[in-house]
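Input: a single structure, listed below in structure tokens.
Each chain gets a letter, A, B and so on, in the order the sequences are listed, and its residues count up from 1.
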There are 2 protein chains.
Amino acid sequence: MNLDYIKPDEWSIIEEGFNPDHIKASESIFSLGNGAMGQRANFEEHYSGATFQGSYIAGVYYPDKTRVGWWKNGYPEYFAKVLNAPSWIGIDVLIDNERLDLNTCKNVKDFRRELNMKEGWLSRSFMTTLNNGKELKVQAKRFLSLDLDEVGAINYEITPLNGDANIVFQPYIDAGITNEDTNWDDKFWDTTKVSHQNNQAFINAKTMKTEFHTCTFMESKLFINGESIVIEPIVKTEASSIQFGYSQNVKQDETFAIHKFGGYTVDRNHKKDQLISAAKTTLKKATELGFYALLENQKTAWADIWNLADITIKGDVKAQQAIRFNIFQLNQTYLGKDSTLNIGPKGFTGEKYGGSTYWDTEAYCIPFYMATKDQKVARSLLEYRFNHLEKAIENAEKLGFKNGAALYPMVTMNGEECHNEWEITFEEIHRNGAIAFAIFNYYRFTDDFSYIQEKGLEVLIGIARFWHQRANYSVDKKQYVILGVTGPNEYENNINNNWYTNYSAKWCIEYALENIQKIESEYSTDYTRIMNKTRLSKAELKEWQDVSSNMYFPFNEEKGVYLQQDGFLDKELITVADLDQSQRPINQKWSWDRILRSPYIKQADVLQGFYFFEDHFTTEALEKHFDFYEPFTVHESSLSPCVHSIQAAKLNRMEQAYQFYLRTARLDLDDYNHEVDEGLHITSMAGTWMSIVEGFGGMRVKNNTLSFEPKIPKQWEAYSFKVNFRNQIIKVHVCQNETHFEIEGEGELNILVNNETITIAPNNLVTV
Amino acid sequence: MNLDYIKPDEWSIIEEGFNPDHIKASESIFSLGNGAMGQRANFEEHYSGATFQGSYIAGVYYPDKTRVGWWKNGYPEYFAKVLNAPSWIGIDVLIDNERLDLNTCKNVKDFRRELNMKEGWLSRSFMTTLNNGKELKVQAKRFLSLDLDEVGAINYEITPLNGDANIVFQPYIDAGITNEDTNWDDKFWDTTKVSHQNNQAFINAKTMKTEFHTCTFMESKLFINGESIVIEPIVKTEASSIQFGYSQNVKQDETFAIHKFGGYTVDRNHKKDQLISAAKTTLKKATELGFYALLENQKTAWADIWNLADITIKGDVKAQQAIRFNIFQLNQTYLGKDSTLNIGPKGFTGEKYGGSTYWDTEAYCIPFYMATKDQKVARSLLEYRFNHLEKAIENAEKLGFKNGAALYPMVTMNGEECHNEWEITFEEIHRNGAIAFAIFNYYRFTDDFSYIQEKGLEVLIGIARFWHQRANYSVDKKQYVILGVTGPNEYENNINNNWYTNYSAKWCIEYALENIQKIESEYSTDYTRIMNKTRLSKAELKEWQDVSSNMYFPFNEEKGVYLQQDGFLDKELITVADLDQSQRPINQKWSWDRILRSPYIKQADVLQGFYFFEDHFTTEALEKHFDFYEPFTVHESSLSPCVHSIQAAKLNRMEQAYQFYLRTARLDLDDYNHEVDEGLHITSMAGTWMSIVEGFGGMRVKNNTLSFEPKIPKQWEAYSFKVNFRNQIIKVHVCQNETHFEIEGEGELNILVNNETITIAPNNLVTV
């Protein structure tokens, strides 16, 4: 644990006391988002201390020219980067001509931040004495509206405490921003127009190269002690910014407030030349409602989300806070309204990592969205990959594959590869497997075959073709091998026959074959359409079959375990427990070659396969593999503890499961990885949700039936969660000695609890 | 072959006709060097077309901040770069106020360049018509003195052909230069003083960070029709340059000439504050001799070099020209006078590649210098590594090794690592083997054990310790393995049990043990000194022995060959001959992952081991391995064909040997690799020499005796070379049907010819 200043609270993230060293961390932790835009918790007023300014618009990116030390053929020339967007939250404040700046004022007292997750707002309050002697009380609250997702609102209040004061609010919008994470210090934004009308201001700016057109806008209202007043603003226009100045003489103990409404209209939703008029429409709606009504709508919207997504934990307030923080941030990042968007690993909380979409989405996020939202949301995430199929085929062609083989990129924004480290970009090809698995997982959970029939099969075919071509026949082994890959454990590079990759390749081919057969027999029109489009022949299918039936898997008879890759047992097999603790974390202490030849595992690899394909193996086999691999696992990826937590729970090792849970749940709140200042680990938050629902709750779909095997850590009194299973909402409440099941709505549902069928009906609490 | 414009000539490199597309290639090919400095063949006068300006001072480098896409622990923070030095050759020319510029004048006729390798000078002549209508004849000749190695001289002559003309020579020196190859556009030079006195000018400049102090200087003399004249110069001084203007009205058909002397004094040879006075001393010597006498000395100095180093080839003028070009460029790069210097892969002909010293020096260059120079030169190259031993130990410590284990850097300038690609920097550790092998090779050839006794053993101990620690015991194989390496074949990365690496590790340990034993029994004082210094214990030696005696080597019984690495036979084994030619060269056509999983070999790997450790294997074993591996070898490294040429010759496959020879010998002259414009491949040139002497001549040292098995390609009438063997000069002259041996000096020598002992005595031609 690196930081421990967040106050425990069931529904809020709270910081008390002003500590400049925590500013950048808190800017990440208190971030706001509404799926369409987001922002770090930067101060509204000027702050001259260390800060990391960040505002982000969903889907707006920049292709930064790739920078490497040694170029390898196949690297993408450009690299889609998360882009710092024009900022609309700024309000400079002058008090008797002194600029308010917490970094330079005489003192800061009663500083408090609260991120209210239940209602979806961020507040900040403090008292300060300026260098000119003025004492002030400041209270600010802001939110990004879920209701009108192009707009956010701020209520910023100042009360002079030791005498009258002239106060000037200078709300501004500014497109003159840069990225911290840029390869060549390119200018990312081009401001095309700065305009204003009455109390409204607009900046039209487009991104360089990608030409995303945006309009950043603001409008402000002023109040004295809650009474609306009109002040003629002084307007200051510059090349890429505009500021309004509202000056007012304020008496001691009176409160001068500004309500600032701001946000973005973008050409994903509007015509390029109508961005300003769309902004005006949005501002009209927002200001007519006003700050408080908009805030009430916000509470309602978040209540709707929580109604389905909430997990309660009784008897462990830190665990409760943490799981809600994870669920809250996931919902701030992605709400599933737009299939061109996806879940970036840092969401709207930082700009590190090019691209937004990793295999994290398919491997970790889809189960969360599937169970806590309408199933359209998960389908939308699948469609994202369908829409990128052509680019995935092009990507495979660049690497020498042909005939419609598809390799999805390691990281992407628009379907193109955004990564350039050969051992990952070209070799971590197992991502294709997760993309196929998500289709299977969606169908298993929702029973909605129409997706496979309409779109998914084409994706499965492209992926199967890739594996067919990527495997080669080893005359030596007389089986098919897959050489030169990087598995989920990125602490191995360019290895041969990574068991997880080989297994997932075999499965992908078989799953594609199974679905081709099903569509051939049940949906002949679709079959003809797809066969014509993909030019798939029976001869090719026979070749696929040959590869999948004769795939080689490294296995050690003596230990009875599949080997992570060829040669794994040649390593010096010292367990993590026996490793000198001064050497941890190895990714900071050891040179890369040493990590590579060590047995240490960054995140579940063979065990990831046992997680995905659980039904293919006995619990005894899981136990054997868990006992072999977990002791070599250093969990230096944020995605590692959740899978191990789920498996430990399955093996009835609840203490171990709980420890893994803690490590994933408070990763960012306690800054385990010493990097929360750069942004949050959004995608791994879905893994935390899985740890509870699939791990402790033991939720699965077995034989088309929802199934639970509830367990509970001894540290908790009780926990509960809800699941949307095929449009029926099931509530599961697990106590130390019993579990209660409820169902909402009209219909009954048969579920399995510890492998016994139980029927749950509305208004009827079932206790097991 | 990419280019074919060099005229065949036995002793000169000749270009005829002006082709702007050849300028950058010719700037490389016609480069000059004298071991202490060097320069590309840039024009003296201004040239506004495409050009790559380059002047270099031996041992003067800059630590450029490392730039990578993804940082890996262990990368060096800085990267010693070959540095473009201030230029001293420039002479701007004004003819009736028009600046002479071959890129803009009306025409260029009779353009001719000659690099006279016999005498060590470069000339250039042409006729041109300027835009102002003036017709001129220009003749320029220059050389870098071997005799006074701080100075070079230029004779630049102009004759107006169609009327009188005012001609202004503006010789200048300029420290305002940049590197094309820079990571962050750093300024590399800091000019500290620009001064002049009479006809002399000086620029004191130091390199940033490394603070190498240099003085660039010049002095000029003027002549009309060969008669010395005095012209008062107009001096133009700027912040980092200085120019003298000598104006003269010249009659039609009269020749106006400038003799410019210039060069560098550096603080490697002089005190920092005496660089100008040292420059004055050098200029005094040079100008007192004058251009022509200095040129005569140059011819004598080169005659001395050629006397021992020349190889003649009769009946194949292109082969003759090529081998002399290789020998000439090697001597221009390194003359063995200074053990702080080494042989950079591009010599003084370009700035690509950080650092100067690769394993090329030990694997390819030492045999050439050992046989064609005094043995002190080879010893000096060995001492270079001894002097870097401490840095090699530090380098190993950075990678987690301890207790005096030494890992020499992949590339270096001052002993520190200059490379940052993990699969090479951290994993291509076989370089350590070549450094130990060079010690063995030197002792085998010279019989000078004093080097091992005084210095070499410490290097051998550091290297043996590295291998001991780097190997690990595989419980699975019950032998020691070496995991995660890159072999000489860089088309494989992070492989396990590269046979060459394992074999060379075992050999290094055994050779170190053998020498420890010998020094223990024969040189007890040295033994005590070295044991005290290295704190080597008998217990540690026993551990070494355990590793070397139980090293694992991948072997395939069925094929009877050692495998390049574990799993090699899993690859899709399509030979190069069966590979679609449109896919070649694979390093340009294929993505890196595809290259890695292919069986294709960049340069000798297993066969490199068979070359170094030839005596350990039968000719039948060589043949079997050659027949297995060569068909998968794409020879996409300049260092590949020579080893294969030597082995093909040994196997009596003379046509194949000859084809390999051609590919190595004219690599740069014919620009096989499409990159000669970036500079020459200096170190591979030593491989060309080996192809003839060790390949065709079959030279070896067997049982302490010089041995030959002469063969000759059918395309040649005869060839000859000389060898300095333990201070006796043997001349070998091979014809189609017989070979003649001669010895210089007083003593006799027993040699082996085709394994029969023959005595050669002075003044007595022995014919076999």
- Query: Which residues in residues 557-573 of chain A have any heavy atom lying under 4.5 Å from a heavy atom of chain B?
  - Reply: A:Asp566, A:Leu569, A:Asp570, A:Lys571, A:Glu572

- Centroid-centroid under 6.0 Å between B:Phe466 and B:Phe401 rings: yes

For chain B, the option from [options] that forms the most heavy-atom pairs under 4.5 Å:
options                               : value
A:Gln583, A:Gln588, A:Arg470          : A:Arg470
A:Val485, A:Asn472, A:Val481          : A:Asn472
A:Lys477, A:Gln479, A:Glu427          : A:Lys477
A:Trp592, A:Tyr552, A:Tyr75, A:Phe426 : A:Trp592

- Message: Within the supplied structure, the quantity of interest is the number of heavy atoms (other residues, nucleotides, ligands) at a distance under 6.0 Å from B:Lys624 NZ; does it exceed 12?
- Response: no

Engaged part of [X] at the chain B interface, taking heavy atoms whose separation is under 4.5 Å:
X        : value
A:Leu596 : side chain
A:Glu423 : side chain
A:Trp422 : side chain
A:Asn556 : side chain

[X] portion near chain A, given a 4.5 angstrom heavy-atom threshold:
X        : answer
B:Ile429 : neither
B:Asn494 : both
B:Asn497 : side chain

- Query: Do A:Tyr358 and A:Thr412 touch side chain to side chain, with heavy atoms closer than 4.5 Å?
  - Reply: no

- Is there a side-chain contact between A:Glu492 and A:Asn498, using heavy atoms and a 4.5 Å cut-off? no

- Max heavy-atom pair count under 4.5 Å with chain A, selected residue of B:Ile495, B:Asn587, B:Leu483: B:Leu483

- Task: Mind ranking B:Asn496, B:Ile595, B:Asn493, B:Val475 by heavy-atom pairs under 4.5 Å with chain A and telling me who comes out on top?
- Result: B:Asn493

Side chain [X], main chain [Y], donor-acceptor under 3.5 Å:
X        : Y        : answer
A:Gln469 : A:Lys402 : yes
B:Lys589 : B:Ser582 : yes
A:Asp578 : A:Ile574 : no
A:Thr501 : A:Gly487 : no

- Test A:His430 against every option in A:Trp467, A:Trp359, A:Tyr503 by the ring-ring contact (aromatic ring centres under 6.0 Å, His included) rule and name the one that passes. A:Trp359

- Evaluate the ring planes of B:Phe628 and B:Phe632, with Trp represented by its six-membered ring, and classify them as parallel (under 30°), tilted (30 to 60°) or perpendicular (over 60°). perpendicular

- Between A:Trp590 and A:Arg594, is there a cation-pi geometry (under 6.0 Å to ring centre, at most 45° from the normal)? yes

- Worked verdict on A:Tyr491 versus A:Tyr600 for ring-ring contact (aromatic ring centres under 6.0 Å, His included): CA-CA 7 Å; A:Tyr491 287 176; A:Tyr600 302 119; 9.0 Å; no

